[in-house]
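Take a look at the structure below.
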2 protein chains.
Amino acid sequence: MKKIVFIFSSLTVALLVLFQLSMYFYTTGELSIEIMMAIIALVFLGIGIYLNKKSLHKLPTTLTKVNLKKVDELGISKREYEVLIEVSKGLSNKEIAEKLFVTESTIKTHVSNVLVKLDSKRRTQAIQKAKELQILSS
Amino acid sequence: MKKIVFIFSSLTVALLVLFQLSMYFYTTGELSIEIMMAIIALVFLGIGIYLNKKSLHKLPTTLTKVNLKKVDELGISKREYEVLIEVSKGLSNKEIAEKLFVTESTIKTHVSNVLVKLDSKRRTQAIQKAKELQILSS
DNA sequence: AGCCATTTAGTACTTTAGTATGAATATCAA
DNA sequence: TTGATATTCATACTAAAGTACTAAATGGCT
């Protein structure tokens, strides 16, 4: 939101400056009206390209950025989410258990809970869904 | 290349039309010079955004493109690759079997072969590795 | 202190996944 | 036609994953 305000403020200022410059040169007879228009056209063409580049470059970053709010909305706890991440890395329950210093039985409980919360029947399906929901990166 | 010629031709035409219109309204006194400039600014802002959207929308498709050469290098057959894709979607062996009109036992064979070729012990690990090797998208 | 969600862990069980092996077709190039 | 490879399927097995409970300990919140 703040960025949008900033961008539009800058645009307005740029427009005003161009107007003033145009008027000055026009009244002094140093510049024809066609050239003024051409300058304005070019400047705003550039602004359009710049703005779009900014907005489109956000898409890849937002796609890889995880949505932690959704994790909460789905009722997935901190520990469950931790386990989900390890699952997505391709680790087995046993490996995850060793990595997180708990028993395999605990991991099974967590995974089972995550499956319910992600409405999945298998861990592979859960990974897929989690990535669709942008809970997991890439 | 043809597109670029077309785009620049269109741009030139648009510029000329705007100039003529501006001049007409200016001489008839129906439009102030500020409004003319504003219109030109907006039109070219839009053109800039449009042009950029066109050129940047090509990038994501190339980024998500899978490396089919690597599939071959790893010795993964066409059918095995097909199965791998379904595995990555989160389907069970049974579901894949039904989808590809073969028995579950066949899918097990394919999956087992893929696991060896991707040096993995589990299907989740295979999915992870396949994505690292850009064999599977995103 | 009492409540609630989280984390942990267990048992017993069913289901799915994966391995090993053998074997019958099919396909395709030499 | 004859190999080589791919695809299919089966059996028998082991391993891993997942379900359905129960339950204790923890920590934050009011």
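In the text below, chain A, chain B and the rest are named by the order of the sequence lines, each starting its count at 1. The structure presented is a predicted model; accordingly, all values stated were derived computationally and were not measured. The analysis underlying the following values was restricted to heavy atoms, covering all of them including side chains, and did not include hydrogens, waters or symmetry mates.
To the nearest 0.5 Å, atoms NZ (A/Lys131) and OG (A/Ser88) are separated by 6.0 Å. The structure places NZ of A/Lys117 at 13.0 Å from OG of A/Ser120, a figure rounded to the nearest 0.5 Å.
As a whole-Å value, the separation of A/Asn113 CG from C/dT7 P is 10 Å. Distance A/Leu115 CG to D/dA20 P: 11 Å, rounded to the nearest Å. Atoms NZ (B/Lys108) and P (D/dA10) sit 12 Å apart, rounded to a whole Å.
Two end axes, each from the C1' atoms of five base pairs, can be drawn for the helix from C/dA1-D/dT30 to C/dA30-D/dT1; they diverge by 50°, to 10 degrees.
Applying the salt bridge (charged side-chain N to carboxylate O under 4.0 Å, His left out) test to B/Lys108 and every residue at least two apart in sequence or in another chain returns nothing. Every residue two or more places apart in sequence or in another chain that forms a salt bridge (charged side-chain N to carboxylate O under 4.0 Å, His left out) with B/Lys89 is listed here: B/Glu86. For A/Glu104, there are no salt bridge (charged side-chain N to carboxylate O under 4.0 Å, His left out) partners two or more places apart in sequence or in a different chain. With sequence neighbours left out, A/Ser105 forms a side-chain contact (heavy atoms from CB on, under 4.5 Å) with A/Thr103.
In terms of heavy atoms, B/Leu118 sits closest to B/Ala126 at CD1-O, 3.6 Å. When every heavy atom of B/Ala130 is checked against every heavy atom of B/Leu84, the shortest pair comes out as CB-CD2, 4.1 Å. Of all non-hydrogen atoms in B/Lys121 and B/Gln125, the two that sit nearest each other are N-OE1, 3.1 Å.
Neither OP1 nor OP2 of C/dG18 sits under 4.0 Å from any side-chain N or O of B/Ser112. When the side-chain nitrogen and oxygen atoms of A/Thr103 are compared with OP1 and OP2 of C/dA9, one or more of them lie within a distance under 4.0 Å.
With salt bridges taken as basic N to acidic carboxylate O contacts below 4.0 Å, none links A/Glu132 and A/Lys129. By the 4.0 Å N-to-carboxylate-O rule, B/Arg122 lies close enough to A/Glu95 to be salt-bridged with it.
A donor-acceptor contact under 3.5 Å links the side chain of B/Ser105 to the base of D/dA10.
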List the atom pairs, with distances to 0.1 Å, where a side-chain N or O of residues 68-78 of chain A and a protein N or O form a donor-acceptor pair under 3.5 Å, not counting sequence neighbours.
residue : atom : partner : partner atom : Å
A/Ser77 : OG   : A/Glu80 : N            : 3.2
A/Ser77 : OG   : A/Glu80 : OE1          : 3.4

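For the residue pair B/Arg123 and B/Asn93, a side-chain donor N or O sits within less than 3.5 Å of a side-chain acceptor on the partner.
Of all the residues in residues 69-102 of chain B, B/Ser92, B/Asn93 reach under 4.0 Å from DNA chain C with at least one non-hydrogen atom. Within residues 116-129 of chain B, the residues having any heavy atom closer than 4.0 Å to DNA chain D are, in order of number, B/Arg122.
Of the two residues near DNA chain D, A/Glu104 and B/His110, the one whose nearest nucleotide lies more 5' is B/His110.
The hydrophobic cluster around A/Ile96 extends to A/Val83, A/Val87, A/Leu91, A/Leu100, A/Val102, A/Ile107, A/Val111, A/Leu115, A/Ile127, counting ILVMFWY residues whose side-chain heavy atoms fall within less than 4.5 Å of a member.
For A/Val111, the side-chain atoms get nearest to D/dG18 when compared with the rest of D/dG18, D/dT8, C/dG18.
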So which protein nitrogen or oxygen atoms get under 3.5 Å of nucleotides 26-30 of chain D's nitrogens or oxygens?
none

**Study point:** Base-contact (B) and sugar-phosphate-only (S) positions in nucleotides 22-30 of chain C, heavy-atom cut-off under 4.0 Å, - elsewhere
**Key:** ---------
